[in-house]
Each structure stands twice: as structure tokens, then as C-alpha cells.
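Here is how names work: the chains are called A, B, and so on, in the same order as the sequence lines, proteins then strands, and each is numbered from 1. Below, all heavy atoms of this structure are taken into account, side chains as well, without hydrogens, waters or symmetry copies.
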Amino acid sequence: MKRNQVKEAEFSQSNNLEKAVPLIVEWYQNNKRDLPWRNGANAYHIWVSEIMLQQTRVEAVKSYYEAFLKAFPTIEELANAPEERLLKLWEGLGYYNRVRNMQKAAVQIVELYNGQMPQDYEQIKGLSGIGNYTAGAISSFAFGIPKPAVDGNVLRVISRFHASYEDIMKTSTRKHIEEEIEGIIPENAASDFNQGLIELGAIVCVPNGEPKCDICPIAKLCKANQKSVQMELPVKKKAKDRRIEKRTILIIKDEEKIAIQKRPEKGLLAGLYEFPNLEGHLTRKQLIEYAKSIGMMPVRIKKLENAKHIFSHVEWHMTGYEIIVDELEKTCRTNMIFADKKEVMGKYPIPTAFSAYTQYALSIMEN
DNA sequence: AAGTCGTGGTC
DNA sequence: TGACCAAGACT
């Protein structure tokens with residue numbers, strides 16, 4: 001296709017989407033959900049919500065959002081928080097680098113922008129953990145800056161709107177859609193338009209099951225609706241298979257405390273805490289061998305239930321043992337930490353992956 | 001460009 | 001049950 005024909009095609013598509021703009025804005029103003037982060041337009045609050053919402057459902061975010069802002073009411077307080085406290089507040093939300101990057105950005109904001117979110121798209125995008133989508137969301141939601149905020153909802157809505165079979169996982173597809181939106185985003189309603197597009201994807205042009213075209217404000221303009229191909233779209237290359245890892249989890253306990261340890265600073269669940277664990281499914285014999293090697297004095301060993309945890313790209317198939325030892329802290333030659341029940345619950349961030357064993361550990365500890 | 005990085009809901 | 005999916009960013 002020649003250059004002028006490409007331009008013409010883009011123009012005719014944009015022209016059609018342009019007709020939808022006022023419909024989306026009006027629909028959003030009349031149909032938006034009442035969500036905690038939609039009270040006012042506080043840039044910090046919007047930022048926190050957008051980071052939490054990345055790859056995460058609204059219902060899961062709500063309670064974390066409230067607790068996080070209560071703990072850190074200002075960007076400066078976030079910048080000064082101990083990492084362990086941050087991670088404890090993020091415990092169970094997943095993608096823990098999000099909160100570490102958010103703190104890095106908070107430090108940048110304190111040092112460069114006097115503790116206030118800059119009101120400039122490029123400066124916002126320059127902050128840690130803020131990519132194209134989140135920069136556009138903060139810029140437009142908080143400040144009305146007319147930049148696109150293209151997330152998974154928008155990709156789905158637009159690819160259906162044009163009945164486009166471009167793979168939405170490709171960088172090039174997202175770029176095309178961002179450019180198209182940049183061309184038609186209304187200067188005086190950037191926030192409502194961007195949020196409307198997202199909200200439309202969230203509650204009308206839904207990802208699971210049949211989209212609700214009967215209540216969609218732009219159904220008449222939608223190519224997928226006209227051609228009845230909504231369920232085929234968007235096109236998304238399927239994820240590759242997960243690898244399986246076998247692990248043996250150890251609940252090592254003396255009369256009052258349980259052993260935990262800090263995970264490495266990089267990689268899966270970086271910087272969080274875990275129960276000591278070993279690769280593979282160990283036999284009782286191997287376990288006793290291991291206990292001896294670190295100077296542990298096992299009094300009793302009990303096999304625990306198996307558990308499985310599924311991550312995006314790996315599965316843990318776990319088995320566990322409870323090991324009762326004598327004088328834990330005096331005999332163990334490791335970097336383990338010995339925590340009481342209160343500390344396991346309220347201080348150390350322990351990911352959900354271990355939940356079966358965390359529950360068991362808590363059940364056998366005294367208050 | 002493709003792999004990494006969590007968890008819980010849905011069909 | 002298992003596969004897919006969710007307001008992505010980083011390397």
C-alpha cells in the first residue's frame with residue numbers, strides 16, 4: 001500500500017471513531033461506576049490506583065488502595081517508607097516490583113518536583129514504573145492533558161470497533177491505536193473520553209463472554225457489531241506453556257518461633273519472605289541429611305499436605321514437612337530469621353504462593 | 001521482540 | 001478442571 005493510501009485508510013478509520021467521541025463522553029458521564037479513586041482528581045491518588053490496577057481487577061484493588069493511602073497519605077511519606085512496610089501493604093496483590101518502582105518514583109518526585117506530581121506528560125512518563133498507559137492516565141485524568149491512555153480495555157474496544165484482526169499483544173498494534181486516539185482525543189474532555197473508553201471495555205465491551213452490544217452507545221458505528229464478529233476479537237497470541245518446578249517447603253519450628261528467610265533481591269517474588277525450601281520433592285531421608293548439614297537438631301518430622309501455586313510463567317508443585325527442633329536460634333547455621341506469630345502476620349511480607357503453609361504455620365503457633 | 005513478573009475470577 | 005483473562009512495565 002502506498003503512503004497516501006495508508007493515510008487515507010487511517011483518516012477514514014479515525015473519522016469514524018471521531019463520530020463516537022461525544023457518544024463515549026456522554027455515556028461515561030451518565031454511567032460511570034463510583035470508585036474510590038474517582039473522588040476528585042488528586043494526581044497522587046490516581047497514580048496509586050493506576051499502579052494497583054495494572055493487570056489486577058477493580059474488586060481486588062479497593063481494600064489495598066484504602067490501606068495504602070492511609071499508611072502513606074502523601075508522596076513524601078511514600079518516599080520515606082521502609083521497603084518492608086511497602087511490601088507488607090502490597091502482600092497478596094502480586095507484581096511486587098510495581099510498589100518498589102512507585103517508591104523510586106516518589107523519591108524522584110520529592111527531589112525533582114518538590115513532592116508534587118509534575119503536570120507534564122513527558123516528566124510523568126520519565127518516572128519509574130510509569131509507561132505509556134499510566135503516563136496517559138495520570139496526565140489526562142488528573143490534569144486534563146489530551147494524551148491517549150491505551151490499556152487492555154481500549155485495545156479490545158478499538159480492535160472490535162474497526163473489526164481489526166491485528167494481534168493486540170504486538171507493540172505495533174498498540175502504537176497504531178495510540179496514534180489514532182492522539183488524533184481524535186477531545187481537548188476539553190480528555191479525562192472523560194479516556195476513562196469512558198476504558199469503562200466501556202470494563203462493563204460493556206467485556207473480555208469474558210458476550211459483549212453487551214445492546215446497551216453499547218457506539219454499537220451502530222462498531223464494525224465488529226455490524227459484521228457479528230465480536231467474539232472473534234480481539235486477536236491475541238496465546239501464551240506459551242508454563243514450566244513446572246518441584247519444591248519442598250519446610251516449617252521449621254521450636255517451642256515458639258518459626259523460621260523464615262528473605263528471598264533474593266531479583267527475580268520471582270524478589271525481596272519477599274518465605275519458609276525455607278529446597279528444590280525437588282525430598283524424601284524423609286534427604287530431609288534428615290539436610291537438617292544435619294545446617295546444624296539443626298530435629299526432634300520430630302511430620303509430612304504435610306501437597307500444594308500447588310500457579311504463576312504466569314511457572315507452576316510450583318510443593319510438598320512440605322513440619323520439623324520440630326530444639327533451641328532453633330542457637331543451633332541453626334543459616335541466615336534464617338525466627339519469627340513469632342505476630343511478626344509472621346503483621347511484619348514480614350509473605351506471598352500468597354506459600355499460603356497453604358502459612359496457614360498451617362499460623363495454626364500451630366501460639367499467640 | 002519476547003520473556004519476566006502474581007493473584008484471583010470466569011467460563 | 002484447565003485455560004484464559006485483568007486499568008502494564010521493564011529488560
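Counting non-hydrogen atoms under 4.0 angstrom, A:L35 reaches a base of the nucleic acid. Base contact: A:W37 has a heavy atom under 4.0 Å from a base atom. At the heavy-atom level, A:G201 lies nowhere under 4.0 Å from the strands shown. When heavy atoms are screened at a 4.0 angstrom cut-off, A:S128 is found touching the sugar-phosphate backbone but no base atom. Backbone-only contact: A:I130 has heavy atoms under 4.0 Å from sugar-phosphate atoms and none from a base. Across all strands shown, A:V58 has heavy atoms under 4.0 Å from base atoms, whether or not it also approaches the sugar-phosphate. Residue contacts for A:R100: at a heavy-atom cut-off of 4.0 Å it reaches no nucleic acid atom on any strand shown. Residue A:K238 is in sugar-phosphate contact alone, with no base atom involved, counting any heavy-atom pair closer than 4.0 Å across all strands shown. No contact: A:A149 has no heavy atom under 4.0 Å from any strand.
A:I350 has its CD1 atom 17 Å from the C1' atom of B:dT7, to the nearest Å. Across the protein-nucleic acid pair, A:K240 atom NZ and C:dC4 atom C1' stand 17 Å apart, rounded to whole Å. Note: CZ (A:R242) to C1' (C:dG2) measures 8 Å, nearest angstrom. Between the P atom of B:dG8 and the NE2 atom of A:H309 lies a distance of 7 Å, rounded to the nearest Å. Taking atom OH of residue A:Y95 and atom C1' of nucleotide C:dA6, one finds them 9 Å apart after rounding to whole Å. For the pair A:I51 CD1 and C:dA6 P, the computed distance is 18 Å after rounding to whole Å. In this structure, A:N97 places its CG atom 10 Å from C1' of B:dT4, rounding to the nearest Å. For the pair A:I168 CD1 and C:dA6 C1', the computed distance is 11 Å after rounding to whole Å.
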(Q) A:E256 vs A:K253, test: salt bridge (charged side-chain N to carboxylate O under 4.0 Å, His left out). Steps then yes/no. (A) CA-CA 7 Å; A:E256 47 183 304; A:K253 180 180 177 297; over 6 Å; no
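Put simply, the side chain of A:S312 and the base of B:dG6 share a donor and an acceptor less than 3.5 Å apart. Interface remark: the A:R33 side chain does form a donor-acceptor pair with the C:dA7 base, using a distance-only criterion of under 3.5 Å. A donor and an acceptor atom sit less than 3.5 Å apart, one in the side chain of A:T56 and one in the base of B:dG6.
In this structure, A:K257 fails the cation-pi test against A:F338, since its NZ or CZ atom is not both closer than 6.0 Å to the six-membered ring centre and inside 45 degrees of the ring normal.
You'll find the side chain of A:Y360 stays beyond 4.5 Å of the side chain of A:F354, heavy atoms only.
For the residue pair A:S159/A:E166, the side-chain donor-acceptor check at 3.5 Å is not satisfied. For the residue pair A:Q116/A:Y44, the side-chain donor-acceptor check at 3.5 Å is not satisfied.
Between the P atoms of B:dT4 and C:dA7, the separation comes to 23 Å (whole Å).
Nucleotides of DNA chain B nearest to A:N208 and A:F311 differ in position, and the one nearer the 5' end is that of A:F311.
Taking the charged nitrogens against the carboxylate oxygens, A:E91 and A:K88 do have a contact shorter than 4.0 Å, which makes a salt bridge.
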